[in-house]
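Structure first, then comments.
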Protein chains: 2
Amino acid sequence: MNKKRTIYNIAKELDLAPGTISKVINNTGNVSDSTRKRVLAYIKKVGYVPNNSARMLKSKRTYTVGIVFTEESDVGLEHSFFSSILQHFKTFVEVQGYELSFIVKKLGQHELSYYEWCMNKRVDGVYIVVGNYDDKGLYELVESSIPAVSTDMLLPKLHTVISDNDQGVKLIFDYIKEELKLKNIAYISGPKSSKAFNERVDAYHKYTQEYQLNQTSEVIYADSFGFTSGYNAVYKLLKKPEQKPELIMVASDDIALGVLKGLSDMHIKVPEDIQVVGFDDIAFSKHFTPSLTTIRQDRKLLGQTAARLLIELMDNPNKDVSEIVKLPVELVIRESTRKK
Amino acid sequence: MNKKRTIYNIAKELDLAPGTISKVINNTGNVSDSTRKRVLAYIKKVGYVPNNSARMLKSKRTYTVGIVFTEESDVGLEHSFFSSILQHFKTFVEVQGYELSFIVKKLGQHELSYYEWCMNKRVDGVYIVVGNYDDKGLYELVESSIPAVSTDMLLPKLHTVISDNDQGVKLIFDYIKEELKLKNIAYISGPKSSKAFNERVDAYHKYTQEYQLNQTSEVIYADSFGFTSGYNAVYKLLKKPEQKPELIMVASDDIALGVLKGLSDMHIKVPEDIQVVGFDDIAFSKHFTPSLTTIRQDRKLLGQTAARLLIELMDNPNKDVSEIVKLPVELVIRESTRKK
DNA sequence: TTGTATGCGTTATCAG
DNA sequence: CTGATAACGCATACAA
């Protein structure tokens, strides 16, 4: 059977001291080239691998980053947009030797705050993939001295990487004005609880004014994040037929796809009767009929940038000025819009 | 500042011995009710929480389960079917006090096998969410004495929870025969590398014979798991127009949605000209136009059952007979099929 | 350059 | 019932 290997018995078998083994493993201190090679070879041969717990107990670094992934009603990992970002974050940090560990509020019987959990596990940093502004525990966590980044929330002392929502909306307006040459538009937003959605609504108001377009109605707020809420929202929007817009901007693709379906059920042709633009470019947007014109967020870049930022923070925790990185977005033109 | 709390200084402040504190935390050994209460109260007051590394170092249990989530080309967490199962698994084990940790092949500079990683981290068990039969490391892991379950692979010594594919296919045939009263059918499978796909093809062959239906052509194998491969596959299937089936069974919804799109592009009406049945019931199947008739896999039950099984295994590692749990599936009828 | 000793925060085994 | 004390496996300052 595989006997338990420690630097101790390895040292004995090699006729060396435990400390020496440790040194070669960590590339630290002085050790002669010959013994280093000898130890390395032996370690590889017997397949020794250091005990993480012991290492973590001794040194301060755990090479673990805690993940906050707020889940609403069992969705969570299932949310393709955020899991995609997390996936890219994950592959990036793993190459640098970090691991992911989900922060969980109750560990067995104990009920822990985020902060307590992090202290307990001694994570080196925290990544808030998706958070909730109502969650008090998040504030405590962010206020602490633990390095933290997010791709979702904007909070003082929190480093955040987000898409440039203003630019995205502007891209749409440029397109409407210069290519589509439309005048009457409407907007369906997601819930007000999301910062990103709010930024987009604000930009929408700003640019309708700036570009002198006509809002056919008040902004409609979908009551959730998904397909069905979009479906309902577009019915609400078009209740009064005289106000029919030429184009509907929608806060996210998930919602926009529901809008498309609703329009189809109302026998309103897209893009002939009404055109639709989304935001995000989720995987399904290009497969839907009609395929959806949208603003593409670079999920890979989002995840990687967050990863890079966090690693930098963990390496030198002194720089504690909050920083907001805005990433450029891109207009993807598909079938749901068309020049007249 | 938050001073670092250990059972040591807590003991001192309470005028007790460290060991005593440990006992009340772990509900072990004998300790008088009064001191137990006193300690508990104090702990809660100062928000003490035990250091995991130390605890893990000392005791054998780590209360961590390693996750194998094989990713092909950066998809991974983004795959809604598997992330959904993982999500349910996660919530279940977390309630029991376990945490998830993704197994990663290279930890920093070192390149580790799954097994080495698990020994290193001393995980209590392993959950293979999605694995690859070509991956030799998986065999080594499964052969070891570490408790392991999967919702994807079938391997000797591995405990597996899967949907009953045979039953699912039979459900479709019953429906075809008794409700739809169709005769000519065809099948589009996913890649042969997947066990689940193979089981479904086998069942398809078995039941076409048993129910005396007519296969209009050989089984077509999509060359990947996604939408596009389904799109291509249906073109290949219908290359020769005289062989048009009345109904196409597809190995998965992801692929089936592509089939639907392909059919639409060929101006073939669903369900009027050809009917389509999928497998899985992914979130989008009910939103597509036409919505997809399919076999629903109970992802929540899959995740939870895997979780329950693994926990049982970790609690008593002696029972090492491999076990396969088959979960029932359900036919969901939507627009892509219709009685004539 | 190499070996030794100590501590990291727990748990567990003994005595008291 | 409670208090010392020895591991757990490693890192590190210090001595050799």
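Residue numbering restarts at 1 for every chain, and letters A, B, ... go by the order of the sequence lines.
Take the nearest nucleotide of DNA chain D for B:Pro18 and for A:Tyr48: the residue whose nucleotide is more 5' is B:Pro18. Nearer to the 5' terminus of DNA chain C, by closest-nucleotide assignment, is the contact made by B:Ser53 (compared with the other of B:Thr28 and B:Ser53). Between B:Ile7 and A:Val31, the one whose closest nucleotide on DNA chain C sits nearer the 5' end is A:Val31. Along DNA chain D, the nucleotide nearest to B:Thr20 and the one nearest to B:Leu57 differ in position, and the one closer to the 5' end is contacted by B:Thr20.
Residues B:Asp15 and B:Arg38 are not paired through a salt bridge, judged by the lack of any N-O separation under 4.0 Å between the basic side chain and the carboxylate. B:Glu13 has a carboxylate O that lies under 4.0 Å from a charged side-chain N of B:Arg5, or vice versa, which qualifies the two as a salt bridge. Note on A:Lys136 versus A:Glu140: no salt bridge recorded, every NZ/NE/NH1/NH2 to OD/OE distance being 4.0 Å or above. B:Arg308 has no carboxylate O lying under 4.0 Å from a charged side-chain N of B:Glu312, or vice versa, which leaves the two without a salt bridge.
Taking atom CD1 on B:Ile21 and atom P on D:dG3, their separation rounds to 9 Å, with Å as the unit. Remark: C1' of D:dT2 and CD1 of B:Ile10 are 17 Å apart, rounded to the nearest angstrom. In this entry the distance linking CG of A:Asn27 with P of D:dA11 reads 12 Å, nearest Å. Protein atom CG of A:Asn51 is 6 Å distant from nucleotide atom P of D:dC10, rounded to whole Å. Remark: P of D:dC8 and CZ of A:Arg55 are 19 Å apart, rounded to the nearest angstrom. Across the protein-nucleic acid pair, B:Lys37 atom NZ and D:dT2 atom P stand 13 Å apart, rounded to whole Å. Between the C1' atom of D:dT2 and the CZ atom of B:Arg36 lies a distance of 13 Å, rounded to the nearest Å. In this structure, A:Tyr63 atom OH and D:dA11 atom P are separated by 11 Å, rounded to whole Å.
When distances run from any side-chain atom of A:Ala17 to the nucleotides D:dC1, C:dT4, C:dC8, the shortest one goes to C:dT4. Which of D:dT2, D:dC10, C:dT10 sits closest to the side chain of B:Pro50 comes down to C:dT10. Listed candidates were D:dC1, C:dG9, C:dC8. Nearest to the side chain of A:Lys58 is C:dC8.
For the side chain to side chain contact (heavy atoms under 4.5 Å, CB included) with B:Leu310, the lone residue among B:Val149, B:Thr305, B:Val161 that qualifies is B:Val149. For the side chain to side chain contact (heavy atoms under 4.5 Å, CB included) with A:Phe69, the lone residue among A:Leu100, A:Ile103, A:Leu86 that qualifies is A:Leu86.
For the OP1/OP2 pair of D:dC8 and a distance below 4.0 Å, the side-chain nitrogens and oxygens of B:Ser59 include no atom meeting the criterion. Regarding contacts with the backbone of C:dT2, every side-chain N or O of A:Asn30 stays at 4.0 angstrom or more from both OP1 and OP2.
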Can you tabulate the close N/O pairs, meaning under 3.5 Å, that link protein atoms to atoms of nucleotides 13-16 of chain D?
none

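Residue B:Thr35 is in sugar-phosphate contact alone, with no base atom involved, counting any heavy-atom pair closer than 4.0 Å across all strands shown. Counting non-hydrogen atoms under 4.0 angstrom, B:Asp33 reaches nothing in the nucleic acid. Among the atoms of the strands shown, base atoms are found under 4.0 Å from some heavy atom of A:Ser22. Among the atoms of the strands shown, only primed sugar atoms or phosphate atoms (P, OP1, OP2) are found under 4.0 Å from some heavy atom of B:Leu16.
The salt bridge (charged side-chain N to carboxylate O under 4.0 Å, His left out) check on B:Asp33 picks up B:Lys37, with sequence neighbours excluded. When the side-chain contact (heavy atoms from CB on, under 4.5 Å) test is applied to A:Ser59, the partners found at least two apart in sequence or on another chain are A:Arg55.
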